[in-house]
Every structure is written in C-alpha cells, then in structure tokens.
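The structure displayed is predicted, hence computed values, not measured ones. All ligand and atom numbering here is 1-based and tracks the order in the structure.
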Amino acid sequence: MKIRKAVVPAGGWGTRLLPATKALPKESLPLVNKPIIQWVVEEAVASGIHQVIIITNSLKRPMEDHFDRSFELEYVLARKGDTKMLEEIRRITDLASIAYLRQKEQLGLGHAILVAKDLVGDEPFAVFLPDDIIDAPVPAMKQMLQVFERYKCSVIAIERVDPEATSRYGIISPKPIAHRVYQVQDLVEKPDPAEAPSNLAIVGRYILTPEIFEYLERTPPGRGGEIQLTDGLKLLLERQAIYGYEFEGVRHDAGTPIGLIKATISLGLKDPEIGPELREFLRSLPVGTSEPAARTPK
Ligand code: UTP
C-alpha cells in the first residue's frame, strides 16, 4: 500500500530554543536560507508524499503563511525583475497539498499525532518531526518506504548514538533482520546507559500503521503528563511487528541552539552559494579562543 500522507507534529512550544521562540515558531527559524519546516516538507515531497498534515498551535501562524501565496511580494519581485526569486516563492506555494490542524492543548507528541486521526483515516502514514533534519543522499523517508514495502509493518528511523548518551533518547531492543533492518523487541524511553538494551536510538521519522491511533487513544499520560508516542508504540508492538531502520545519512537536531548552529554550518558548507565563503570564514577564525566572551554586566 502506498504511503500518501505525512503528519508533521509542530504543536510543541519549543522551550529549548527560548527566547528565540517566544513569538516565532521554531519551525520558522531559518536553517541556511529557508525555514526548518520547508526542509521537512521538501523531504516528504522528495520521498513521493504530497499530502502533508501539519499539527500546529495558536502561535504558529507564520509557519502556515510561509506556504501561502503572497501577491504583494510577488508583485514587488516582478517589478524588480527578480524572476529567479519569484519562481522560488511560487514553487514553495505549490510544493505540497498542506492541511493544518490545531492541537488545542499541548498534551504530547502522541496526542499531536492523534489529532490527525480523522484526516489520515484507515491507511498507513509517515511522521516527520521537524526538529530532526536529516541530510542524506537518498531522503531518509524514501529509504524507509522501501523497508515498509518489504515488511508492510510500522518502521521507525534509528541511529547509533554514543552509548553514554542513551538517557536522551528512546532506545530499541533490536533483533537484526537484514542489512540496517532490525525487528523491534522492545522500546525503552531514555534508559540509563547501564540499563539500555542497545545504543540504537529512535529519531524523528516514522511510518505507522493506522492501528497506532487505537493505542494512542488508550495510552494514559506518561512522563511529564504527556501522551508519549513511545508508550503507544509499545502497545502496538503487542499486536504487530515494528521494524527499526538505520538510515543512511546524518541527523541534525534543530531543536536546540547548539544543534541548530551545527546544522546551519554543516548544511551551509554544502550550499553552492554560501558554502565557499562560509568555509573561508571558518578557516579565518582564530584557533584556541575557546573561552566564552565575558558577559555584559547587567
Ligand atoms: P519536543 O518535546 O521535542 O518539542 O517534541 P517541543 O515541545 O516543541 O520543544 P521543547 O522540548 O519545549 O524545546 C517533539 C515533537 O513533537 C511536537 C513538537 O512540536 C516536536 O515536533 N509536539 C510536542 C507537539 O506537536 N505537541 C505536543 O504537545 C508536544
């Protein structure tokens, strides 16, 4: 069965990026030359998924506006004769068929996905967490779709992390099945390194069967009073197999200041327009000045 729909949960408050995200959605922050949300929608489209359901909240209007037409801007660009940017602005508008659903209370990632239940309907679907930007020769979701086609079960993206860092991730207990493919035996949320069943961490790309909705509806609030996707997946696992796929590519965490800076530098260096100058700039930085600058006294 073809995966036609993507759900992009963007209903969280982005507190790790405060104060930048006080009045601006974190998905609207720029990563190189476009907002984070555009990178994710482009990955969906490059993977052949053209229907995108974005879960939003009351402060996320700028994210929606980004994919809308702006006739005034088009007029200004046309008058300036900037046809290249005019085409780019129109391309963004036509990128995908996007629906927005408001999550009225921030009750967690599992709850955000549940908001999309009626729009998704009774078919498997993809989930993209915009915090995770994956730089890959073949889009990470496209790689996962091949695994889904073979096993016809839910697939979650995994990556190897430093064994000391397991307490920051959902970790799977893996049974190797094929090259880069593991059958998930269990999922453990943020285990201490001593208790982690592996160092294979869940990252923000999933293909889920529609049965997940039933289980999310039954999932009681867990850590932080939120409905956790991991808890719903654990219930699903009792009925259906779930596979973990170790994608080829590099994941950047765009949900923290340092992660966003690293992502900007890594992807910026690859950008044909700004890459050469950025490389020169990085080379020109004095080495060994690792001390943070003294804070301005209040
Ligand atoms: P996070 O907890 O990592 O993101 O949720 P957050 O809440 O936006 O950010 P911090 O932790 O306060 O900095 C993972 C994903 O789930 C979405 C977020 O938008 C993010 O994409 N999410 C989280 C929701 O859509 N709704 C929620 O209630 C919680």
Side-chain angles (χ1 to χ4, degrees), residues 5-29 31 35-44 52-64 66 98-120 125-134 140-141 156-159 161 165-171 187 189-190 201-208 212-213 216-217 219-233 251-263:
K5 297 176 186 174
V7 175
V8 182
W13 293 116
T15 55
R16 284 168 298 163
L17 280 163
L18 279 170
T21 47
K22 181 164 177 264
L24 199 65
K26 67 173 165 182
E27 298 79 10
S28 296
L29 297 178
L31 177 50
I36 289 171
I37 191 72
Q38 188 181 329
W39 287 86
V40 173
V41 172
E42 283 177 346
E43 184 188 326
V52 180
I53 302 163
I54 303 183
I55 311 301
T56 74
N57 69 37
S58 54
L59 289 180
K60 304 260 174 159
R61 283 290 298 275
M63 182 178 64
E64 302 181 22
H66 182 69
I98 304 182
Y100 302 94
L101 285 175
R102 287 245 179 125
Q103 184 189 19
K104 296 184 188 86
E105 271 183 281
Q106 275 47 61
L107 298 179
L109 171 59
H111 178 261
I113 292 174
L114 205 45
V115 171
K117 179 178 177 234
D118 289 341
L119 267 195
V120 169
F125 61 102
V127 175
F128 294 75
L129 303 193
D131 278 359
D132 284 337
I133 297 296
I134 301 179
M141 183 55 73
I156 56 188
I158 50 175
E159 77 170 357
V161 295
T166 54
S167 59
R168 300 212 309 261
Y169 299 91
I171 300 288
L187 302 122
E189 191 59 20
K190 303 189 167 51
I202 303 171
V203 305
R205 298 288 181 277
Y206 309 77
I207 296 170
L208 300 174
I212 189 67
F213 292 123
L216 286 174
E217 273 169 342
T219 303
R223 194 172 36 87
E226 297 190 336
I227 296 175
Q228 303 289 346
L229 175 59
T230 311
D231 292 340
L233 288 170
R251 178 187 64 99
H252 299 287
D253 178 3
T256 62
I258 183 66
L260 189 53
I261 290 169
K262 286 182 185 173

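Heavy-atom distances between His111 and ligand 1 stay at or above 4.0 Å for every pair. Within the structure, the closest approach of Leu109 to ligand 1 falls below 4.0 Å when heavy atoms are considered. By the 4.0 Å heavy-atom criterion, Lys26 is counted among the residues contacting ligand 1.
In terms of polar-atom proximity, defined here as any N/O pair under 3.5 Å, Gly255 makes no such contact with ligand 1. Checking only distances, Gly12 does come within under 3.5 Å of ligand 1, N or O to N or O. At least one N or O atom of Gln103 sits closer than 3.5 Å to an N or O atom of ligand 1. Between Gly14 and ligand 1, at least one pair of N/O atoms sits closer than 3.5 Å. Checked by distance only, ligand 1 and Gly11 come closer than 3.5 Å through their nitrogen or oxygen atoms.
Interface atoms of ligand 1 facing Ala112, defined by a heavy-atom separation under 4.0 Å, are 24 (C), 25 (O), 26 (N).
Scanning for salt bridge (charged side-chain N to carboxylate O under 4.0 Å, His left out) contacts around Glu226 gives an empty result, with sequence neighbours left out.
A donor-acceptor contact shorter than 3.5 Å is absent between the side chain of Thr56 and the backbone of Tyr100.
Among pairs with a residue in residues 7-29, those fulfilling salt bridge (charged side-chain N to carboxylate O under 4.0 Å, His left out) read Arg16-Asp131, Lys26-Asp131, Glu27-Lys60, at least two apart in sequence or across chains.
Contacts between Asn57 and ligand 1, counted as non-hydrogen atom pairs separated by less than 4.0 Å, are absent for every part of the residue.
The protein heavy atom nearest to atom 3 (O) of ligand 1 is Arg16 NH2, 2.9 Å.
Distances from atom 10 (P) of ligand 1 to the heavy atoms of Ile36, Val115, Thr15 put Thr15 nearest.
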